[in-house]
Structures are given as structure tokens and as C-alpha cells.
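Indexing begins at 1, ligand by ligand and atom by atom, following the structure's order. Note that the structure is predicted; figures quoted are calculated from it, not measured.
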Amino acid sequence: MAPARVPGRIVPPAGVPGWAAALAGLVSAAVALGIAQLVAGVIDGATFPVIAVGESLIDLSPGPLKEWAIATFGTNDKAVLVGGVFVVLAVAAGALGVLAVRRLRPAVAAFGAIGVVGLVAVLSRPGAQAVDVLPTVVGIGAGVWTLSWLTRRMLRAVPYESPLPADPESETETGTGTGTGTDTGTGTGTGDVERPVVMRAGAELRAFDRRALLTGVAGGVVVAGAGALAGQMLAGRKEVAAARSTIKLPAPRTPAKPLPAGVDLRIRGLSPFVTPNADFYRVDTALIVPQVDPASWTLKIHGLVDRPIEISYADLVRMPLTEADVTLTCVSNEVGGPYVGNARWLGVRMADVLRGAGLRSGADMLLSTSADGFTCGTPMDVVMDGRDALFAIAMNGEALSPDHGFPVRQVVPGLYGYVSATKWVTDIKVTRFDQDIAYWTPRGWAERGPIKTQSRIDVPQSGASLPPGRTKIAGVAWAQHRGVDAVEVRVGDGDWRLATLAETPGPDTWRQWSIDWDLPRGEQTIEVRATDATGHTQTAALAPPAPDGATGYHTILVKVG
Ligand SMILES: Nc1nc2c(c(=O)[nH]1)N[C@H]1C(S)=C(S)[C@@H](COP(=O)(O)O)O[C@H]1N2
Ligand SMILES: [Mo]
């Protein structure tokens, strides 16, 4: 049943409990603020009114009061002030809710008046612009709408029932027949006789509908929370983008070796040796990319150390920087899959930072945690053995993008990403594998994840139709920190032939390969396999990615002729 329109002057609220009216007011204010925050996030830099009011109060308060506040609350003085504004707003909103069930129009007007206070504050801020009013205006609009909606919603029109004694013969029928079908026994259905009802001239009978109020309130809370969260996220994204754009990357103390001329065979369709940042695969558990401001970022190192340390971004980039070409690989990459990419990383050797804390004997695991709570367990010996295990700040000459871990991530040659490449890293606990457990381990993935020797055919593409004659077959192979020594290709049941290998700067990157082949007509399968520098040839046995990386030969099918 649709609620009847509530007239400007509505039913006396005899049946509406005070808490319900106040709750409606509070939630309306929350919606107003949530929507205001959303708009402030969407529109570049538009002012969120509560902050503007707080700043105006600081400007208006006399010197001694300011000094008292600073002396009493210290660096929390601003937070206390903004908190105070919220408390005042909450009290006012509750009162408005109580007013609204008596007289909606004055309540709406008072809501608007609070908005005007916010607008005055917003516009009095230095450098205020016309768009700055939008968060307040749209927020107040949403709040007013919510207040009248909730007020109407909790005062449901009810069917008129005769106060005269019911006909004894139809009594049972009346008792059950007029109850609403949605009543679940909580006493809020419109047919409930215990509920106080309010009658008005014009034969409009209204009653407090608790369930309608509470479901409305729940909706309001969701809208307010989602608006506030999305708004904060958008604002945070802009702030971090601005911080990132001002970063000047220091020159490395240890630059990467210049890439040999022949690292890139420049074959159409073959993955370039350096994966452009925009094409680099992304794998993480983050639903929302964490926005971490380098100004507030710190890295804590604790656990089995002599002196726990906490370093800032400025501290980190003052340390000697190392540049290294390293290929990242995801354990969840299927044979032939796309989750592998190569970049030039700039960062501080993890070993240098860790030594500063003094590693204690007995530790064998570095449990790193990201800003969003992901954890990763890295074998300590691998990080400390002299390889280019980095706290990286840049990728291919650019500060990391938020997607790839800005401001600081780990990069450890030779280990799959899930046990090594923590993005947005903020904390390292020096610990033991038998004492701590990282995110993916209880989810069916191996505790340790050395990268398996693998190879992939990039050209031709599987399923391609090719003209008969000489065909270039090419791809990439990787065996990080061991290095690729050979790649072999086979067509059909023929013999394995050695492919030509491109140059590499070292064992930590993938290696391009190619081979020319006179393919016979018909449907042909092409297979590839790599041998690493330890002499190990990748196994033909098929294994899925879980628990410790897929195996098998990448095999494609082409049609020739
Ligand atoms: N914080 C965080 N870091 C993370 C992950 C994650 O889920 N959260 N995933 C890891 C995995 S599984 C991989 S393969 C690499 C991928 O790094 P990329 O997204 O920069 O390519 O990041 C690693 N670092
Ligand atoms: Mo991964």
C-alpha cells in the first residue's frame, strides 16, 4: 500500500517514539554528509562543508581559545574540533527529526538553514570557487529528501477499523483477515491492534510503522556509508596522484647494466623485452587500489631483530639505490598465460634496510604486510643472498603507479609474486615459517614459491592460419635467478630443434627466442621447452597453477596452407 501524502502539518505524533523521530533525523544528516563527501570527491577539490566549518571556527576563535585547544588536545586539536562539529550536527539532526514528525516544513527549513551555515563557511574559505558550493547544496538536498521520506515512511496510513465491538460471528475472521501479509510478528504490521494509532480530520488514520522506519534507516545508512567511502576514495586518489607527480627519482648508486643490443629481437607479436608499464599484468586481492601517500608512508621492521625500526619514504630514498631488470611472474599463470612481465626497477636493497634492524639468528621468514592487509611470506635467505631483492619505488623510470604498489613494493628475483612482491608494503615482521603464515598459504598455495622454468610461444598465435613456407616462431622463456640456457621447439612428432636465444642482461629476466621453420601443410602443433642454467629442462608433466606453479609445455595449434 502506498503511503498517503503527508500534509505540511501532519498528524500529532502521539504514536511515534522520540527515538524513532530522532533516528530519522540523524540518518538524514548522515545521508547529507555522505552525499556531500561523494560530490566533494567527484569534483576536483570541491570543499566538504564540515571541514570548512571547522576551519572557519578556528579562524573566528580568539587567540587564547586556540592556545588552550592546542595545549589541551595537542596535535589532535583539529580532529577534536571536527569531531565537535559532528556532535553538534548530530544533536541538531536528532532534534530536526523530532520536529519533522510534528511539522515537516519547518523541519525542512531548519535543515536548509544548517546548510546555509555550511555554505557561508565554504565560501569564506580562501580561494573558494563557485563549484565549492556543490557538495553542500547536493548534500542538503539529499538530506532533506531523506528526512521527508523517512518521516512519511514511518507514518503509514492504516485502514480504518470501527472502534465498535466487532460482530461476534465475524471476530475470528477479522482478527486474522486484516493483518498484512508482510507482518512477521514484530508488531509493526498495519493490522496490529496493539500499535497506537492516530486519527485526523479528513479520516486519515496513521500509525507508527517501526519496520518501515528501520528498513528505511538501513537504506539511508548504506547510502551514507557508500557515499562517504567512495568520496574519500576519490579524494584520496587525487591526492596521491598529485603526490606521485611531484616525486623526483634519485639517481641509482648502482645503475643497471646497459641492456645488450640484442635483448629484443623486435619480432611482430613477440612480447617486447621491457614490458611497458601500461601493459604490465596486475594481480592482487585489492578490490579498491590502496592510495598510499608517501608523506605518511612508513615501513616498520620488527620481530626477530635487535632494534625494531620504522623508516619514512624520505629515509628510504636517501639510502643507496639499486637499479635492476627483473621479470615478475604470478604463480597462478597457466602454461602459456599472460601473468609475466619484465621491468627495470629502482629501489633500495631489502638486505641493506633489514641489516639496519639487526637480524637475529633463527629467523627464516620475512612476513610483509601491505597497506590493505595482504600478507606475504618470503624466505629470508633468498632476500639476503646478494641478489637484487628490492624495496622498489620505480618501474621503467617512473614512480610506481598505485596499481603496482605506490609508493613502495617488494621485488625479489626468482620467487613468484605471491611470496615476494608485496605492493604497498608497510610492515615486515622478521619471523619463522613455523610460527607465522601468509595470506595464500591456508588458501591452498605452497608456503614457498620459487619460479619454475617456463617458456611461452607468442608468435604465431594459437589457432592462426598461416601460408605455407618459412614461418617465424618466437616467444619468451624464464627461469629467474638461474637464467635460461636453451629453448627448443618441436612441430608435431618431429625432433626438438634449438631456437636462437636473444641476449639477456642477467639471470633475473626472461629471454626472447625465435626459430624459423618450414611448416608442412595441414594442422600442426608447435611445442616449446626451456632449459635453465642449472641444466634442468622444464617438465612435460601437466600441472595446474595450484599449489606451486603450472608445469607442462606450451603447445599451440596452427593451420598451414
Ligand atoms: N599488497 C599486495 N601485494 C601483492 C599482491 C596482493 O594481492 N596484494 N599480489 C602479489 C602477486 S600474487 C603478484 S603475482 C604480484 C603482481 O604484481 P603486479 O600486479 O605489479 O604485476 O604482486 C604481489 N603483491
Ligand atoms: Mo601472483
Item checked: Trp478 six-ring face occupied by Arg511 cation (under 6.0 Å, within 45°) -> no
Check: For atom 24 (N) of ligand 1, what's the nearest protein heavy atom and its distance?
Finding: Ala421 O, 3.0 Å
Item checked: Plane angle bin for Trp440 and Trp445 - parallel if under 30°, tilted between 30 and 60°, otherwise perpendicular -> perpendicular
Check: Which heavy atom of the protein is the closest neighbour of atom 6 (C) of ligand 1, given with residue, atom name and distance?
Finding: Asp284 CB, 3.4 Å
Item checked: Nearest-option assignment for atom 8 (N) of ligand 1, heavy atoms, candidates Phe374, Trp445, Tyr339 -> Phe374
Margin query: I'd like to check whether Asp403 has a polar contact with ligand 1, where a contact means an N/O of the residue lying under 3.5 Å from an N/O of the ligand.
Written below: no
Next item on the list: Run the numbers for me: atoms of ligand 1, each under 4.0 Å from some heavy atom of Thr422, listed by number.
Entry: 3 (N), 24 (N)
Notebook entry, point to check: Is it the case that Thr322 and Arg253 place a side-chain donor and acceptor less than 3.5 Å from each other?
Noted result: no
Check: What distance separates Met384 CE from Leu366 CG, expressed to the nearest 0.5 Å?
Finding: 8.0 Å
Notebook entry, point to check: For atom 3 (N) of ligand 1, which protein heavy atom lies nearest, and how many Å away is it?
Noted result: Lys423 N, 3.0 Å
Notebook entry, point to check: Does one side chain, of Thr329 or Gln480, offer a donor that lies under 3.5 Å from an acceptor on the other?
Noted result: yes
Notebook entry, point to check: Does one side chain, of Asp293 or Ser296, offer a donor that lies under 3.5 Å from an acceptor on the other?
Noted result: no
Check: Backbone, side chain, both or neither: what part of Val425 comes under 4.0 angstrom of ligand 1, heavy atoms only?
Finding: neither
Check: What is the closest protein heavy atom to atom 21 (O) of ligand 1, and at what distance does it sit?
Finding: Tyr281 O, 2.7 Å
Margin query: Can you name the atoms of ligand 1, numbered from 1 with element, that are less than 4.0 Å from a heavy atom of Phe280?
Written below: 21 (O)
Notebook entry, point to check: Would you say His404 and ligand 1 have an N/O pair spaced under 3.5 Å apart?
Noted result: yes
Check: Do Ile267 and Val459 come close enough that some side-chain heavy atom pair is under 4.5 Å?
Finding: yes
Next item on the list: May I ask you to list the atoms of ligand 1 that are less than 4.0 angstrom from any heavy atom of Tyr418?
Entry: 11 (C), 12 (S)
Next item on the list: Inspect the surroundings of CZ in Arg268 and state if more than 12 heavy atoms from other residues, nucleotides or ligands are less than 6.0 Å away.
Entry: no
Item checked: Nearest neighbour in protein (non-hydrogen) for atom 7 (O) of ligand 1 -> Thr285 N, 2.8 Å
Notebook entry, point to check: Out of Arg409, Arg282, Met395, who gets a non-hydrogen atom closest to atom 22 (O) of ligand 1?
Noted result: Arg409
Notebook entry, point to check: If we ignore angles and hydrogens, is there a donor and acceptor under 3.5 Å between the side chains of Asp403 and Ser401?
Noted result: no
Item checked: Set of residues satisfying side chain to side chain contact (heavy atoms under 4.5 Å, CB included) with respect to Ala477, sequence neighbours excluded -> Ser455, Val484, Val487, Trp513, Ala530
Checklist line | Atoms in ligand 1 with a heavy atom of Ser370 nearer than 4.0 Å | finding: 1 (N)
Item checked: atom 10 (C) of ligand 1: the protein heavy-atom neighbour that sits closest, reported with distance to 0.1 Å -> Gly417 O, 3.7 Å
Notebook entry, point to check: With atoms numbered from 1 as shown, which atoms in ligand 1 lie under 4.0 angstrom from a non-hydrogen atom of Val283?
Noted result: 5 (C), 9 (N), 10 (C), 11 (C), 12 (S), 13 (C), 15 (C), 16 (C), 19 (O), 22 (O)
Check: For ligand 1, which atoms have a heavy atom of Asp372 less than 4.0 angstrom away?
Finding: 1 (N)
Margin query: Does the Lys NZ or Arg CZ of Arg409 fall within the cation-pi geometry relative to Phe406 - under 6.0 Å from the ring centre and within 45° of the axis?
Written below: no
Notebook entry, point to check: Under 3.5 Å between some N or O of ligand 1 and some N or O of Cys330?
Noted result: no
Next item on the list: Would you please say whether a donor-acceptor pair under 3.5 Å links the side chains of Asp485 and Thr531?
Entry: no
Item checked: Region of Trp424 that comes within reach of ligand 1 [heavy atoms, distance under 4.0 Å] -> side chain
